[in-house]
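Below: the structure, in structure tokens.
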Amino acid sequence: MATEIDKEACRAAYSLVRDHGSAVIWVTFKYDGPTIVPGDQGAEHQQFIQQCTDDVRLFAFVRFTTGDAMSKSSKFALITWIGENVRGLQRAKTGTDKTLVKEVVQNSTKEFVISDRKELEEDFIKSELKKAGGANYDAQI
């Protein structure tokens, strides 16, 4: 059965994360049968990590604040999480299903495909986002 996405509901969730006035910094998109729908959302990165268990596959759109004392900016990550215990066919299908999610999530700084919980840590992702952003003036005096 072909996977579908509830575009309208997913766009609303995506917009919450993009809205700088919103406390929501992450939203997940999960499978409800053959349909991708908005999952949980929250204001704490650790809450997001708790969603990523070994037996699930999901997509997440996450806002990170980066920068230094002089300048702060928001960076956005599109994360594909595939838990260790996800079966082979579902694992493979997740890659093609991501194209549906990308019809909704059109602005991200970097995309991640993660199966290792260590790579979900905020510092790791921020470091990767900083690399993707080009010039880094943090070390200059």
Side-chain angles (χ1 to χ4, degrees), residues 2-141:
T3 304
E4 297 179 356
I5 187 167
D6 183 340
K7 283 187 183 179
E8 192 172 311
C10 289
R11 272 196 188 105
Y14 165 72
S15 294
L16 284 175
V17 177
R18 296 271 316 155
D19 179 0
H20 296 291
S22 167
V24 175
I25 64 162
W26 63 267
V27 63
T28 61
F29 304 102
K30 65 180 186 169
Y31 291 87
D32 182 11
T35 307
I36 298 172
V37 298
D40 293 315
Q41 61 189 35
E44 297 289 329
H45 189 76
Q46 283 304 117
Q47 295 170 327
F48 159 63
I49 291 174
Q50 292 169 2
Q51 306 300 308
C52 301
T53 59
D54 287 341
D55 58 341
V56 301
R57 59 190 174 129
L58 57 79
F59 304 95
F61 185 63
V62 187
R63 179 177 67 216
F64 294 89
T65 302
T66 61
D68 56 26
M70 300 294 287
S71 172
K72 300 265 186 222
S73 65
S74 291
K75 305 288 183 200
F76 299 92
L78 174 58
I79 299 171
T80 303
W81 167 258
I82 305 171
E84 225 175 87
N85 298 334
V86 172
R87 294 188 319 256
L89 185 56
Q90 285 185 325
R91 184 177 289 273
K93 212 166 160 341
T94 305
T96 56
D97 291 347
K98 182 164 79 169
T99 58
L100 296 171
V101 175
K102 288 176 71 172
E103 290 177 16
V104 173
V105 177
Q106 296 184 344
N107 295 307
S108 64
T109 306
K110 185 168 173 75
E111 294 179 27
F112 297 84
V113 178
I114 300 176
S115 292
D116 182 347
R117 288 181 66 83
K118 286 181 250 166
E119 293 179 10
L120 290 170
E121 292 299 326
E122 189 171 8
D123 290 341
F124 174 80
I125 296 174
K126 276 186 172 182
S127 167
E128 293 298 308
L129 289 171
K130 199 176 264 190
K131 288 177 196 173
N136 178 5
Y137 302 106
D138 285 348
Q140 295 183 4
I141 298 178

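The residues of the chain are indexed from 1 along the displayed sequence.
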Side chains of Phe29 and Val105 in contact at under 4.5 Å (non-hydrogen atoms): yes

Under the criterion side-chain contact (heavy atoms from CB on, under 4.5 Å), I'd like the reasoning laid out for Ile125 against Val62: C-alpha separation, chi angles, the key distance, then a yes or no. CA-CA 10 Å; Ile125 296 174; Val62 187; over 6 Å; no

To the nearest 0.5 angstrom, please state how far the CD1 atom of Ile79 sits from the NZ atom of Lys110. 11.5 Å

When rounded to the nearest 0.5 angstrom, what is the spacing between CG in Asp123 and NZ in Lys130? 10.0 Å

Could you give the distance from OG1 (Thr94) to CD1 (Ile82), rounded to the nearest 0.5 Å? 4.5 Å

Report yes or no: does Lys126 contribute a side-chain atom to a donor-acceptor pair with the main-chain N or O of Glu121 at less than 3.5 Å? no

Can you tell me how far SG of Cys52 sits from CD1 of Ile114, rounded to the nearest 0.5 angstrom? 8.0 Å

Contacts of Thr35 meeting side-chain hydrogen bond (donor to acceptor under 3.5 Å, both in side chains) (sequence neighbours excluded), chain-then-number -> none

Please list all pairs passing the salt bridge (Lys or Arg N to Asp or Glu O under 4.0 Å) test where one or both residues lie in residues 14-41, with sequence neighbours left out. none

For Glu4, what residues pass the salt bridge (charged side-chain N to carboxylate O under 4.0 Å, His left out) criterion, not counting sequence neighbours? none

In chain order, what residues pass the side-chain hydrogen bond (donor to acceptor under 3.5 Å, both in side chains) check against Lys102, with sequence neighbours excluded? Glu111

Those residues that, when tested against Ser15, pass side-chain hydrogen bond (donor to acceptor under 3.5 Å, both in side chains) (two or more places apart): none

CD of Glu84: more than 12 outside heavy atoms within 6.0 angstrom? no

Please list, chain by chain and in numerical order, all residues satisfying side chain to side chain contact (heavy atoms under 4.5 Å, CB included) with Ala9, sequence neighbours excluded. Asp6, Pro38

Does anything in residues 53-64 form a salt bridge (Lys or Arg N to Asp or Glu O under 4.0 Å)? List the pairs, not counting sequence neighbours. Arg57-Asp97

Sequence neighbours excluded - ring pair (Phe, Tyr, Trp, His ring centres under 6.0 Å) pairs with any residue from residues 70-96: Phe61-Phe76

Ser115 and Arg91 have their tightest heavy-atom pair at OG-NH1, 3.9 Å

Return the CD to CD distance between Glu122 and Glu44, rounded to the nearest 0.5 Å. 9.0 Å

Which atom pair, heavy atoms only, marks the closest approach of Ser74 to His20? OG-CE1, 3.0 Å

Are Tyr31 and Ile36 close enough that some pair of their side-chain heavy atoms sits under 4.5 Å apart? yes

Would Glu8 and Arg11 count as a salt bridge (Lys or Arg N to Asp or Glu O under 4.0 Å) here? Give the steps. CA-CA 5 Å; Glu8 192 172 311; Arg11 272 196 188 105; over 6 Å; no

Enter the distance from Leu120:CG to Gln50:CD here, rounded to the nearest 0.5 Å. 11.5 Å

Those residues at least two apart in sequence (or on a different chain) that pass ring pair (Phe, Tyr, Trp, His ring centres under 6.0 Å) with Phe48 are Trp26, His45

Residues in side-chain hydrogen bond (donor to acceptor under 3.5 Å, both in side chains) with Glu103, at least two apart? Lys7

Would you say Glu119's side chain and Asp116's backbone share a donor-acceptor pair under 3.5 angstrom? no

Any heavy-atom pair between the side chains of Val101 and Thr80 that's under 4.5 Å? no

Within 6.0 Å of NZ in Lys118, more than 12 heavy atoms from elsewhere: no

Decide yes or no on side-chain contact (heavy atoms from CB on, under 4.5 Å) for Leu16 and Val27, but give the supporting numbers first. CA-CA 8 Å; Leu16 284 175; Val27 63; over 6 Å; no

Tell me, please, which residues at least two apart from Ser73 pass side chain to side chain contact (heavy atoms under 4.5 Å, CB included). Thr66, Lys75

Tell me which pairs pass ring pair (Phe, Tyr, Trp, His ring centres under 6.0 Å) where either residue lies in residues 95-119, with sequence neighbours left out. none

